[in-house]
J.: 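This structure is in C-alpha cells; I'll ask about it shortly.
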2 protein chains.
Amino acid sequence: MLNTEEIQFYLHLFKGLSISDLTGLFNMAHTRKIPAEGIYIQKGAFAPKLAFIKKGLIRAYHLKENGDEITLLLRWENQFIASHDVIILQQPSRFTYQAMEDTTLLEIDYNKAQSLLDNNPKLSAHRNLFLLHMLAESLERVESFVLLSAGERYLKLLKEKPDIANRVPDKHLATLLGITPVSLSRIRKRIASGHKH
Amino acid sequence: MLNTEEIQFYLHLFKGLSISDLTGLFNMAHTRKIPAEGIYIQKGAFAPKLAFIKKGLIRAYHLKENGDEITLLLRWENQFIASHDVIILQQPSRFTYQAMEDTTLLEIDYNKAQSLLDNNPKLSAHRNLFLLHMLAESLERVESFVLLSAGERYLKLLKEKPDIANRVPDKHLATLLGITPVSLSRIRKRIASGHKH
DNA sequence: TATAAAAATTAACAAAGGATAATTAATGCT
DNA sequence: AGCATTAATTATCCTTTGTTAATTTTTATA
C-alpha cells in the first residue's frame, strides 16, 4: 500500500514512531479521492472519520439562510481533517466540507483508530502531541481576532501560507477572516497602494 | 490534604478515575492563593505550571505599547489555567495572567504531571479528553468571531457565563470580544433599547 | 477563440466601530 | 460619610465595514 518513499515520508512526519506503529494505522486506512468542488462531509453527516490530506485542499463552510457561505476552516496537504462536531462534540456536522481542488485523502475510521491508539502508548503520546498542536493553532487564530485588524489577519495568512491566494478564491479567504469579500477587496487595495494598516 | 467532600467532588469531576489515580496527582499538587489583582504568571515567565482553579477568576492579557491591555482569556472555578506559550509552544509567556478576585489554585508542575500521566493509561485517556474539550472550546470561539457580530458574541458570553458581568469590568469583556470598551457600551445601549441582534 | 459564468472590483450609502475627550456613575478607601 | 479613583457612558468626528448593485476582470468551457 505504501512505497518506500512514502514510508520514509511518514516516518519523518510522525517522528519517533516505528514502522510497525505506523503500519497498524495504515492498514486500517484507505485512500479516498475527492474531485475539485466535491463534497467530503455533508452538513448533517455523522460518520466518525478522520483523514490525512495527502494532496489538495478542503474547505469547511457554514450555509446561511440567505444562501451565503461562510468559510470556517481551510486544511491542506499534510494536515488532518475531520468534523469536530462529529469527533469531539458527537453531534451531526453543522458544516459542509468541500474539496477546493482534486484532493487525495488517507481516511480512517476514528473509533477504530481510537482503540488502536488507546492500546499503544507511543501512538497515544503522538495523539497527545497532535492535539496540543491543533490547540495551539486554534488559540493562535483566536489571538489574531482579538489582537489584529482584518488587514493584519489577511497579511498574516498570506505570510503563513503564501500559495493560498492562488488556490482559494478571495471571497472564501474574506469570510475565513471574518469580513465580507467587498471589504477584503478594499483592504487589498489599501495594501497595494502602500498604505499602512 | 483533601477532605471527603473534596474527594467526592473531584471523583465526579474526573469521572472514571479511581481514588488512587487521583491521589497520585494531588500528591504533587500544592495550593496557591492569589489575592485580587495579584499576578499569577508574569509576561516573560517560563515555568511550566498547570493549575486547577478551585475558586476565583484569572484573566490573561496582552500589554500594548501605549499601555492599553487586551484581554485574551478568562478562566474561572473548575477550569484549568496555564500559559499555552510555556506549555505548548515552549516559549516564555507573551501574556500576563492576573487574578480578578481572590483566587485559590491547585498548582502542579506540568513536567512532573506529564511523566505521571504518560505512565498511567487511564490518566492519559483523561488528558486526551481534556485536550479535546479545550480544543472544542477554542474552535467554538473562533466560530463566534467568524459567524457572529460583536453584539451577538456579547450576548453569547452572557448566556454561557451570566455572572461574568458582575465579576469582570466591561472593559475587559470588550477586548475579549475583539472590540473597544466604548463600542461595547454602545452595543449594551442598543440591546437595552430592545434592538435586534 | 468566443461566450457564458464566476470572481473581483468599484461605487454609493448606511451602519458599526475606533479614537479622543468630557461627563456621569460606581467603587474603593481612610 | 466624604473623597479619590476607576469604570462606564456619552459626544464628536473620522475610519472601517456591511449592503446592494453595477461594472470590470478572470476563469471555465463549448
Side-chain angles (χ1 to χ4, degrees), chain A residues 35-38 57 59 61-62 64-71 74 98-102 144-155 157-158 164-197, chain B residues 35-38 57 59 61-62 64-71 74 98-102 144-155 157-158 164-197:
Chain A
E37 313 300 312
L57 203 152
R59 168 178 85 102
Y61 68 88
H62 162 77
K64 290 207 295 181
E65 290 84 349
N66 64 9
D68 284 0
E69 295 175 355
I70 308 287
T71 298
L74 293 177
Q98 181 187 36
M100 301 302 292
E101 306 169 350
D102 291 349
S144 77
F145 280 106
V146 174
L147 297 176
L148 305 181
S149 67
E152 288 167 333
R153 288 199 296 281
Y154 175 66
L155 290 174
L157 177 62
L158 289 190
I164 202 70
N166 302 316
R167 299 175 67 183
V168 177
D170 282 349
K171 61 176 182 173
H172 295 144
L173 300 184
T175 58
L176 185 77
L177 297 171
I179 57 178
T180 61
V182 176
S183 186
L184 178 56
S185 178
R186 289 187 287 228
I187 286 169
R188 284 163 51 81
K189 190 179 183 181
R190 271 178 246 151
I191 292 171
S193 72
H195 264 269
K196 56 265 147 211
H197 24 98
Chain B
E37 314 298 312
L57 203 151
R59 169 177 85 101
Y61 68 88
H62 163 78
K64 292 206 296 180
E65 290 85 350
N66 65 9
D68 286 0
E69 295 175 356
I70 308 287
T71 298
L74 292 177
Q98 181 187 36
M100 301 302 292
E101 308 168 349
D102 290 349
S144 77
F145 280 106
V146 174
L147 297 175
L148 305 181
S149 67
E152 289 167 332
R153 288 198 297 280
Y154 175 64
L155 290 174
L157 176 62
L158 288 190
I164 202 72
N166 302 317
R167 298 175 67 183
V168 178
D170 282 349
K171 60 176 183 174
H172 295 143
L173 300 184
T175 58
L176 185 77
L177 297 171
I179 57 178
T180 60
V182 175
S183 186
L184 177 57
S185 179
R186 288 187 288 229
I187 286 170
R188 285 162 52 83
K189 191 179 182 181
R190 271 178 244 151
I191 291 171
S193 71
H195 266 269
K196 57 267 146 210
H197 38 136

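FYI, side chains are in, hydrogens and waters are out, and symmetry mates aren't considered; it's all heavy atoms of this structure. Order of the sequence lines fixes the chain letters, A, B, ..., with proteins taken first and strands second; residue numbering starts at 1 for each chain. What you see is a predicted model, and the numbers here were worked out from it, not measured in a lab.
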J.: Separation of B:Asn166 atom CG from D:dA7 atom P, in whole Å?
T.: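 Result: 16 Å.
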
J.: What is the distance from NZ of B:Lys171 to P of D:dT10, rounded to the nearest Å?
T.: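 For the pair B:Lys171 NZ and D:dT10 P, the rounded distance is 18 Å.
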
J.: Ignoring backbone atoms, test whether B:Thr180 places a side-chain nitrogen or oxygen under 4.0 Å from the OP1 or OP2 oxygen of C:dG18.
T.: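 For C:dG18, OP1 or OP2 has a side-chain N or O of B:Thr180 closer than 4.0 Å.
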
J.: Distance check: side-chain N/O of A:Arg190 vs OP1/OP2 of D:dT17, anything under 4.0 Å?
T.: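 True: A:Arg190 side-chain N/O within range (under 4.0 Å) of D:dT17 OP1/OP2.
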
J.: In whole angstrom, what separates B:Lys189's NZ from C:dA16's P?
T.: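 Roughly 13 Å, once rounded to whole Å.
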
J.: Taking all non-hydrogen atoms of both residues, which atom of A:Lys64 and which atom of A:Ile70 are closest, and how far apart?
T.: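 In terms of heavy atoms, the two residues are closest at CG-CG1, 4.0 Å.
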
J.: What are the two closest heavy atoms between A:Met100 and A:Glu37, and how far apart are they?
T.: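 In terms of heavy atoms, the two residues are closest at O-OE2, 4.4 Å.
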
J.: With heavy-atom distances below 4.5 Å as the criterion, would you say the side chains of A:Asp68 and A:Thr175 are in contact?
T.: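 SC-SC contact between A:Asp68 and A:Thr175 ruled out.
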
J.: Could you check which of C:dA21, D:dA7, D:dG18 has an atom nearest any side-chain atom of B:Val182?
T.: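 Among the listed nucleotides, the one closest to the side chain of B:Val182 is C:dA21.
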
J.: To the nearest 10 degrees, what angle separates the axes at the start and end of the helix from C:dT1-D:dA30 to C:dT30-D:dA1, five pairs each?
T.: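 Roughly 50°, once rounded to the nearest ten degrees.
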
J.: Picking from C:dA8, D:dA8, D:dA11, which would you name as closest to the side chain of B:Asp170?
T.: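 Looking only at side-chain atoms, B:Asp170 lies closest to D:dA8.
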
J.: Which pair of non-hydrogen atoms, one from B:Leu158 and one from B:Ala165, has the smallest distance, and what is that distance?
T.: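 Heavy-atom minimum between the residues: CD2-CB, 4.0 Å.
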
J.: After noting the C-alpha distance and the side-chain angles of B:Arg59 and B:Thr71, does the key distance pass the side-chain hydrogen bond (donor to acceptor under 3.5 Å, both in side chains) rule?
T.: CA-CA 7 Å; B:Arg59 169 177 85 101; B:Thr71 298; 2.9 Å; yes

J.: In whole Å, what is the span from the NE2 atom of A:His172 to the C1' atom of D:dT27?
T.: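 To the nearest whole Å, that distance equals 15 Å.
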
J.: Could you work out which one of D:dT20, C:dA8, D:dG18 sits closest to the side chain of A:Arg186?
T.: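 Out of D:dT20, C:dA8, D:dG18, the nucleotide with an atom closest to A:Arg186's side chain is D:dG18.
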
J.: Any side-chain heavy-atom pair from A:Tyr61 and A:His172 closer than 4.5 angstrom?
T.: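 With C-beta onward as the side chain, the pair stays apart.
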
J.: For the residue pair B:Phe145 and B:Leu177, what are the closest heavy atoms and their distance?
T.: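 Looking at all heavy atoms of both residues, the closest pair is CE2-O, 3.4 Å.
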
J.: Taking only the side-chain heavy atoms of B:Pro169 (C-beta and beyond), determine which of D:dT17, D:dA7, C:dT20 contains the nearest atom.
T.: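 Closest of the options to the side chain of B:Pro169: D:dA7.
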
J.: Please state how far atom CG in A:Leu184 lies from atom P in C:dA7, giving the value in whole angstrom units.
T.: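 Those two atoms, CG and P, are 14 Å apart.
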
J.: Nearest-Å distance, CG (B:Leu147) to P (D:dG18)?
T.: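 Distance check: B:Leu147 CG to D:dG18 P gives 13 Å.
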
J.: To the nearest Å, give me how far apart CG (A:Leu173) and P (C:dT9) are.
T.: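 Atom-to-atom, A:Leu173 to C:dT9, this comes out as 11 Å.
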
J.: With a non-hydrogen cut-off below 4.0 angstrom, is A:Ile187 in contact with a base, only sugar-phosphate, or nothing?
T.: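 Sugar-phosphate contact only - A:Ile187 comes under 4.0 Å of backbone atoms but never of a base.
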
J.: Separation of B:Arg188 atom CZ from C:dA26 atom P, in whole Å?
T.: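 Interatomic distance, CZ of B:Arg188 to P of C:dA26: 11 Å.
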
J.: How would you label the contact of A:Ser185 with the nucleic acid (heavy atoms, under 4.0 Å): base, sugar-phosphate, or nothing?
T.: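 Touches a base.
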
J.: For the side chain of B:Ile179, counting heavy atoms from C-beta on, which of D:dT19, D:dT16, C:dG18 is nearest?
T.: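 The listed nucleotide nearest to B:Ile179's side chain is C:dG18.
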
